[in-house]
Every structure is written in C-alpha cells, then in structure tokens.
K.L.:
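Quick one: the structure is below, questions incoming.
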Protein chains: 2
Amino acid sequence: MAIRPAEQLIHKAAWLYYAHGLRQDQVARQLKISRASVAMYLRKARETGIVNISTSTQLFTDDVMARKLEDALKLDAVWIVPENGHVADPSTDIAVLAASVFLELIKKGDRIGVAWGRTIYTIADIMSYADLQDVTVVQLCGNLGAPYSYRPDQCTMEIARRLNAKGLNFYAPLVLTTEELARGLRAEPVIREQLSGISACNLALYSVGTVDADSHVVKCGALTASEMEALRRAGAAGVIAGQIIDAQGKALDCSYNRRIISAELSSLRKIEKRLVVVQEDSKFGPLVAAIAGGLCTHLVVGARMARRLLDHAGPAAEKVA
Amino acid sequence: MAIRPAEQLIHKAAWLYYAHGLRQDQVARQLKISRASVAMYLRKARETGIVNISTSTQLFTDDVMARKLEDALKLDAVWIVPENGHVADPSTDIAVLAASVFLELIKKGDRIGVAWGRTIYTIADIMSYADLQDVTVVQLCGNLGAPYSYRPDQCTMEIARRLNAKGLNFYAPLVLTTEELARGLRAEPVIREQLSGISACNLALYSVGTVDADSHVVKCGALTASEMEALRRAGAAGVIAGQIIDAQGKALDCSYNRRIISAELSSLRKIEKRLVVVQEDSKFGPLVAAIAGGLCTHLVVGARMARRLLDHAGPAAEKVA
DNA sequence: CACGGCTGTCGACAAAAGTCAAACCGAGCG
DNA sequence: CGCTCGGTTTGACTTTTGTCGACAGCCGTG
C-alpha cells in the first residue's frame with residue numbers, strides 16, 4: 001500500500017469528498033486511513049489540479065464601463081478591477097483576476113502562446129493548478145539571459161507546469177548583435193518551426209512594455225537607455241513579446257527589431273484570443289498602441305486605466321460619429 | 001445596505017475567499033459584515049455556480065477496462081465506476097460520476113439535448129450548479145402526463161436551472177392515439193422547429209429503457225404490458241428518448257413509433273457527443289442495441305456492466321480479426 | 001398603522017478542517 | 001547488521017468554518 005498511494009488515493013479521496021460531499025472522517029473511514037491523511041491528500045488534490053475551484057469573473061465584466069470599453073475599442077471582452085480603497089494593492093488584484101480569466105479562456109486541446117514580463121510571471125505564480133494534459137504552452141519569443149526570475153522560458157514553463165500541460169520552449173536568444181545572424185538563426189529549421197507554430201495558437205497571453213529607461217528590454221541589457229531614447233524619438237510606443245511597436249501597433253522599422261527572434265505581429269494577430277493584461281498605469285501609451293495594432297481582443301486592466309482608455313477613445317469615437 | 005446584498009456581495013465574497021484565498025473573517029472585515037454572513041454568502045455562491053468546484057474524472061477513464069471498451073465498441077470515451085464493496089450503492093456513484101462527466105463535456109455556447117427517465121432525473125438532482133448563461137438545454141421528446149417527478153420537461157428544466165441555462169421545452173405529448181394526429185402535430189411549425197433544432201445540438205444526455213413490463217413507457221401508460229410484450233416479440237430491444245429501437249439500434253417499424261413526437265434517431269446521431277448513462281444491470285440488452293445503432297459516443301456504466309459489454313464484444317471482435 | 005411574513009444579520013456554540021511534532025516504515029548504505 | 005534518510009501516517013491540538021436561534025428592518029396587507 002505504501003508503493004504508490006499517491007495518485008490513486010488522492011483521486012479517490014478527492015472524489016469522495018468533493019463529488020460525493022462526504023466529510024473528511026467519512027472519507028478516512030472508507031479509505032481506511034486517518035483523517036489527517038485525508039486532509040493532506042485533499043490539499044495535494046487541490047494543488048495538482050485534480051480538483052478545480054474556479055470563481056466566476058462575471059463581476060468584473062458586468063461593469064458598465066467594461067461594456068463601453070468593449071464597444072469603443074472593438075474588443076471581445078474586457079475585465080475591469082475596481083480600485084476602491086481596498087487594503088490590498090490593485091496590481092495583485094489585477095493579476096489574480098487575469099489568472100482566473102486566463103484559465104477560463106482555456107479549452108481542451110488548446111495551444112497557448114505566452115510572452116514574458118513581470119506581469120506574466122506574477123500571473124503564473126498565483127495561478128491555480130489545473131489538469132490539462134492535452135494543452136500546449138508555447139513560448140512566443142527568444143530568451144533573455146537576464147538577472148530576472150521572469151525570463152521568457154520561465155514564464156512559459158511555469159504556466160505549463162501549473163496547467164500540467166506540455167511546454168514548448170524557444171532555444172534562442174531574444175536579441176542578437178547583428179541582423180545577419182538573426183536572419184540566419186530564424187532560417188534554422190528548429191527555430192522556423194517554432195515561429196511558424198505560433199499562428200496555430202488559439203490563445204495568447206501577454207502584457208505590454210514601456211519604451212523608457214525603465215523598460216525591461218533596457219534593464220535586461222538588450223538595449224541601452226540612450227538607444228531606447230533614440231527609438232522613442234523614432235516613433236517607438238511600446239514593447240510586445242520583446243518587439244518594439246509604434247503608435248499604430250506596427251513593428252517599428254529599426255535595427256533592433258531586425259535583430260530579434262520573436263513572434264511576428266502578423267502571427268500574433270492570427271491567434272483567436274489575445275489576452276492582454278496591464279497592471280501599471282504607466283503603460284497607457286504602449287497599451288493604446290497595442291490595441292490600435294489589433295494585438296488585443298481580451299483585456300484585463302484596473303479601473304483607472306479603463307477610465308483613461310475610455311477618455312482617450314471617447315473623443316475619437318465621437319469624431320467618427 | 002439591506003436592499004439587495006445578493007449578487008454583488010456574494011460575488012465579492014466568493015472572489016476574495018476563493019480567488020484571493022482570504023479567510024472568512026478577513027473577508028468579513030473587508031466587506032464590513034459579520035463572518036456568519038460571509039459563510040452564508042459562500043454557500044450561496046457554491047449553490048448558484050458562482051464558484052465551481054469540479055473534480056477530475058480521470059480516475060474512472062484510467063481503468064484498463066475503459067480503454068478496452070473504447071476500442072471494442074468504437075466509443076470516444078468510457079467511464080467505469082468500480083463496484084468494490086463500497087458502502088454506498090453503486091447506482092448513486094454512477095449518477096454522481098455521470099453528473100461530473102456531463103458538466104465536463106459542456107462548453108460555452110453549447111446546445112444540449114436531454115431525454116428523460118429516472119437516471120436522468122437523478123443526475124439532474126445531484127448535479128452541482130454552474131453559471132452558463134450562453135448554454136441552451138433542449139428537450140428531446142414530447143411529454144408524458146405521468147405520475148412521476150421525472151417527466152421529460154422536468155428533466156430538461158431542472159438541468160437548465162442547475163446550469164443557469166436557457167431551457168427549451170417541448171409542448172407536445174410524447175405519444176398520441178393515432179398516427180394521423182401525430183403526423184399532423186409533427187408538421188406544426190412550432191413542433192417542427194423544435195424537432196429540427198435537435199440536430200443542431202452538440203451534446204446529448206440520455207439513458208436507455210427496457211422493453212418489459214417494468215419499462216417506463218409501460219408504467220406511464222403509453223403502452224400496455226401486453227402491447228409491449230408483442231413489440232418485444234416483434235424485435236424491440238430498447239427505448240431511447242421514448243422511442244422503441246430494435247437490436248440493431250434502428251427505430252422499430254411499429255404503430256407506436258409512428259404515434260410519438262420525439263427526436264429522430266438520425267438527428268440524434270448528428271449530435272457530436274452522445275452521452276449515455278446506464279445504472280441498472282438489467283439494461284444490458286437495450287444498451288447493446290443503442291451502441292449498435294451508433295447512438296452512443298460517450299458512456300458511463302458500472303464495472304459489472306462494463307465487463308458484460310466486453311465479454312459480449314470480445315468474441316465478436318475476435319471474429320472480425 | 002399595526003401586523004405577520006420575509007430576508008438579512010449577528011453572536012455564540014458545535015463541528016469540521018488544518019497543522020505539527022512525533023512515530024513509523026522501508027530502502028539504501030557504511 | 002545497524003544506521004540514517006526521505007517519505008508517509010498518525011494522534012493531539014488549534015484554527016477555521018458551519019449552523020442555530022434570536023433579532024432587526026422592510027414590505028405588502030388587512
């Protein structure tokens with residue numbers, strides 16, 4: 001009995017407890033183990049996704065503002081977390097909501113593209129476990145040898161681990177020193193395959209990055225602060241999956257963009273559901289650019305950001321009318 | 001504050017408790033209500049499907065016998081509930097499992113066909129609540145003015161209620177006295193529309209009925225025991241959605257079948273996922289017939305029944321080989 | 001306007017679940 | 001052969017949760 005009590009017993013305990021509604025001591029008696037063990041098994045069952053507890057995220061879409069935003073920005077769905085004087089900081093709230101929304105959007109057999117960043121890693125970190133063996137999580141861009149714990153491959157792997165899904169990592173650096181080398185690497189069969197597999201995804205998860213000295217690409221050494229400054233003057237408005245975009249949400253025509261290994265924006269746009277999560281208010285500009293470029297269909301933001309987006313879109317919408 | 005604490009507060013409480021992992025007293029403090037109220041809200045949240053607790057049914061498909069059955073009978077998925085010396089009776093187990101499987105098979109936007117019977121009603125009765133506004137539950141056959149609480153319309157409605165889905169009832173009797181009247185009624189626009197809408201379903205839930213004096217159609221007075229006996233001699237092997245089928249799973253050519261208002265078997269076969277649940281061992285014959293007729297793609301049965309099916313299919317499979 | 005009925009709320013208690021240190025058990029190793 | 005080590009199991013204890021009866025506000029009604 002001590003050989004492999006794990007799976008089988010955990011399953012049975014979870015089944016009796018959650019599906020049949022038995023008490024822990026009843027389960028213990030039925031399984032002929034102590035109640036303490038049952039409690040432990042149940043915790044494991046929750047941790048491994050054998051049982052799933054999910055809460056409806058409807059509360060956050062019911063907001064009238066969410067509806068208005070959907071209309072104004074032509075998005076499929078918007079979730080807004082209220083920022084009333086809660087004790088907890090709103091950015092955690094946003095991540096928790098994003099994790100729920102993300103899980104809710106996943107279907108069996110899905111292929112999911114994941115980018116990277118602090119926001120994404122936070123989501124991965126608080127996301128509850130699930131048991132989706134037939135799901136694949138693919139990395140959307142090359143890696144950064146960064147001193148961060150939220151490198152692209154880590155984001156992908158952690159999410160795959162949580163979902164009990166297959167993780168497909170990208171074995172290439174995000175940015176190279178010469179355009180030529182990048183071109184060559186992109187032509188490599190392994191890399192090319194991975195890149196072309198991206199448009200086969202039906203769900204993507206990413207955030208947007210800023211284009212100032214605080215940007216991750218700068219912090220990770222992919223660009224210097226002054227190079228970034230120059231790009232900004234040349235029209236850079238945001239960063240998506242390590243790629244610089246302009247205010248229209250198009251890839252900026254610059255050396256940096258030609259030196260990276262990352263999903264083409266056109267591939268991203270082919271993905272049915274593009275979930276964008278933004279925590280920081282400072283990312284307003286980049287977010288507007290991403291939306292303009294059609295890189296977002298599903299959006300999770302805080303109330304303050306939502307209002308700014310609406311104010312921004314409002315006049316434009318009136319102009320059209 | 002006493003005006004309508006309902007939805008909004010329940011949602012918030014559920015959110016803080018289940019998604020954020022706060023304790024009930026923390027939630028109470030944040031929402032400025034007593035902990036007792038929080039406990040009550042959480043119960044309501046569970047009851048109304050605002051939070052969903054589901055357990056993986058993998059344990060029951062992992063069975064080697066389940067795999068063999070899938071192969072032998074060409075089914076998409078089989079769940080087998082073990083019948084070891086559990087305290088609980090196995091038929092409840094089957095229903096609990098069937099309810100979980102059923103919920104697991106439902107996707108957003110689905111259209112679900114539901115038949116009737118004791119088994120189906122039991123499933124509806126123990127099924128946990130969910131919050132699927134964009135799902136439609138349609139009744140697969142006409143009604144019986146029966147002294148039972150599991151009339152077709154009740155099965156449909158109860159399931160729709162549990163899922164928070166739209167319920168589409170059939171406003172016609174299951175069986176009429178003359179073929180002519182039945183033909184006329186089927187031609188009625190309302191009825192015809194309902195009937196033709198059945199093949200648009202992508203999930204169906206039904207059981208099978210026996211063709212003896214204990215059959216529901218006999219108990220409900222749709223047929224007398226002697227009429228049934230005659231039909232049985234004429235080749236009747238089972239009942240599906242109030243319709244008599246022969247051993248090949250084809251509709252039996254008989255007056256009774258021409259006098260009923262129910263889904264055509266061909267419409268049922270067009271439904272992508274056909275979940276059949278069988279509790280009683282006595283329904284072996286009818287089940288074999290239903291499977292032979294391609295009326296089943298997903299099956300939930302007890303271990304004893306599974307073994308009989310395998311024994312039955314085994315020789316035939318060998319003969320082919 | 002007083003009256004039940006209804007619903008939501010609360011405090012207090014009982015029940016259930018979570019947790020921890022200690023015991024246990026088999027496996028591998030010196 | 002006896003040892004430690006990693007893991008599981010257990011009983012005892014603490015914390016958390018469920019529930020009950022009582023009370024308070026609101027409503028429609030007589």
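Chain naming here is simple, since letters A, B, ... match the order of the sequence lines and numbering starts at 1 in each. The shown structure was predicted, so the numbers you read here are calculated from the model rather than taken from an experiment. All values below come from the heavy atoms of this structure, side chains included, with hydrogens, waters and symmetry mates left out.
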K.L.:
Excluding sequence neighbours, so at least two apart, what forms side chain to side chain donor-acceptor pair (under 3.5 Å) with B:Glu280?
P.N.:
B:Arg118, B:Lys283
K.L.:
Find the distance A:Ile33:CD1 to C:dA23:C1' and express it as a whole number of Å.
P.N.:
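Rounded to whole Å, this separation is 17 Å.
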K.L.:
Using a cut-off of 4.0 Å between protein heavy atoms and nucleotide atoms, how would you tag nucleotides 16-22 of chain D 5' to 3' with B, S and -?
P.N.:
SBBB---
K.L.:
Counting side-chain heavy atoms from C-beta on, which of D:dT8, C:dT9, D:dT9 comes nearest to A:Ser34?
P.N.:
D:dT9
K.L.:
Check for a donor-acceptor pair, side chain of B:Lys273 on one end and backbone N or O of B:Leu105 on the other, with a separation under 3.5 Å.
P.N.:
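Confirmed, B:Lys273 side chain pairs with B:Leu105 backbone.
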K.L.:
For A:Arg161, which residues count as a salt bridge (charged side-chain N to carboxylate O under 4.0 Å, His left out) partner, sequence neighbours excluded?
P.N.:
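Result, salt bridge (charged side-chain N to carboxylate O under 4.0 Å, His left out) vs A:Arg161: A:Glu158.
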K.L.:
Which pairs pass side-chain hydrogen bond (donor to acceptor under 3.5 Å, both in side chains) with one or both residues in residues 42-52 of chain B, sequence neighbours excluded?
P.N.:
B:Tyr18-B:Arg46
K.L.:
Just checking, is any N or O donor in the side chain of B:Thr57 or B:Glu104 under 3.5 Å from an acceptor N or O on the other one?
P.N.:
yes
K.L.:
Could you tell me whether A:Arg308 and A:Asp281 have a side-chain N and a carboxylate O separated by less than 4.0 Å?
P.N.:
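Salt bridge absent between A:Arg308 and A:Asp281.
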K.L.:
Would you kindly give the OH-to-C1' distance between A:Tyr41 and D:dT10, to the nearest whole Å?
P.N.:
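It is 12 Å, rounded to the nearest whole Å.
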K.L.:
Tell me whether the OP1 or OP2 atom of C:dG8 has a side-chain N or O from B:Ser37 closer than 4.0 Å.
P.N.:
no
K.L.:
Just to be sure I understand: a Watson-Crick pair is purine N1 to pyrimidine N3 plus N6-O4 or O6-N4, both under 3.5 Å. Using that and G-U wobbles, which stems of three or more pairs involve DNA chain C?
P.N.:
C:1-30 with D:1-30
K.L.:
Once salt bridge (charged side-chain N to carboxylate O under 4.0 Å, His left out) is applied, do any residues pair with A:Lys68, and if so which ones, sequence neighbours excluded?
P.N.:
none
K.L.:
Hey, can you tell me if B:Trp15 and B:His20 have their rings parallel, tilted or perpendicular (30° and 60° cut-offs)?
P.N.:
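Ring orientation, 0 to 90° scale: perpendicular.
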K.L.:
Would you indicate what B:Lys44 reaches in the nucleic acid, counting non-hydrogen atoms under 4.0 angstrom: base, sugar-phosphate, or nothing?
P.N.:
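Counting heavy atoms under 4.0 Å across all strands, the contact made by B:Lys44 is with sugar-phosphate only.
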K.L.:
Between atom NZ in A:Lys32 and atom C1' in D:dT9, what is the gap in whole Å?
P.N.:
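Going from NZ in A:Lys32 over to C1' in D:dT9 covers 17 Å.
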